[in-house]
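First the structure, in the form of structure tokens, and then the observations on it.
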Amino acid sequence: MRILIIEDETDLARAVRKALEEDGFAVDVAHDGESGLYQAQTCDYDAILLDLMLPRRNGWTVLDQLRKTKDTPVLILTARDGVDDRVRGLDDGADDYLVKPFNLDELRARIRSLIRRSAGKASSILRAGDVEFDTASRTVRKAGKAVTLSPKEYSVAEFLMMHRGELVTRTKLFEHVYDESEDTLSNVMDVYISNLRRKLGKDFITTRRGEGYLIHV
Ligand code: CA
């Protein structure tokens, strides 16, 4: 899952980025409204954290422009006394908000919930056959037994599970699993997929040559 943080307070942005990366998210940061909007429009993020008071373009303008083309889940970050800001943000198409200063665990939980809801999943447990993903603890079990996945293997599998029944192209998978600073070799995805098949069963993921990957419903 890939997240965009649009926040001009560099210390805050850095702390949030670190926390989300520890959770296995791919994270990009923009420090002003204009570059944030550009990134949000050009890349397909799983969720966006949007500060309202931003240089160059404020958060409302970013949200307003973004909503013309994309329905990416947006969580706005607002000041403690900004009740009107929160109401306006939600009315303008934000999906949730957090008041600064916020607790990082609450932020994590809200992001997971936003991503689940946007994928049409109410529960934090995802199941396919005898394989079970707990997206809150990022743990996986097969036939009741714990399976250890590397962080990237988990991210690849979780994205496919969230979009179960859909064919996911390689390009899309790369876009959601890596941030803009990571250099990757194109064959790395084949390695993850083959590891996941070995650990979770050879029929767990279907490959359609030249098209992409699929977990059947
Ligand atoms: Ca700000």
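Note that ligands are numbered from 1 as they come in the structure, with each ligand's atoms numbered from 1 the same way.
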Notebook entry, point to check: Take atom CG in Asn103; do more than 12 heavy atoms of anything else shown fall under 6.0 Å from it?
Noted result: yes
Check: Is the number of heavy atoms from other residues, nucleotides or ligands under 6.0 Å of Lys70 NZ greater than 12?
Finding: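 Buried by this count: over 12 neighbours within 6.0 Å.
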Next item on the list: Confirm or rule out an N/O/S atom of Asp51, from backbone or side chain, lying less than 3.0 Å from the Ca ion (ligand 1).
Entry: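 Yes, since at least one N, O or S atom of Asp51 sits under 3.0 Å from the Ca ion (ligand 1).
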Checklist line | Any N, O or S atom of Glu9 closer than 3.0 Å to the Ca ion (ligand 1) | finding: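 No, since none of the N, O or S atoms of Glu9 sits under 3.0 Å from the Ca ion (ligand 1).
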Next item on the list: Give the name of the N/O/S atom in Asp8 that lies closest to the Ca ion (ligand 1).
Entry: OD1
Item checked: Residue of the set Asp46, Asp179, Asp28 for which side-chain hydrogen bond (donor to acceptor under 3.5 Å, both in side chains) holds with Arg2 ->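 Result: among Asp46, Asp179, Asp28, Asp28 is the only option passing the side-chain hydrogen bond (donor to acceptor under 3.5 Å, both in side chains) with Arg2.
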Check: If we ignore angles and hydrogens, is there a donor and acceptor under 3.5 Å between the side chains of Thr78 and Arg88?
Finding: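 No - no donor-acceptor pair under 3.5 Å links their side chains.
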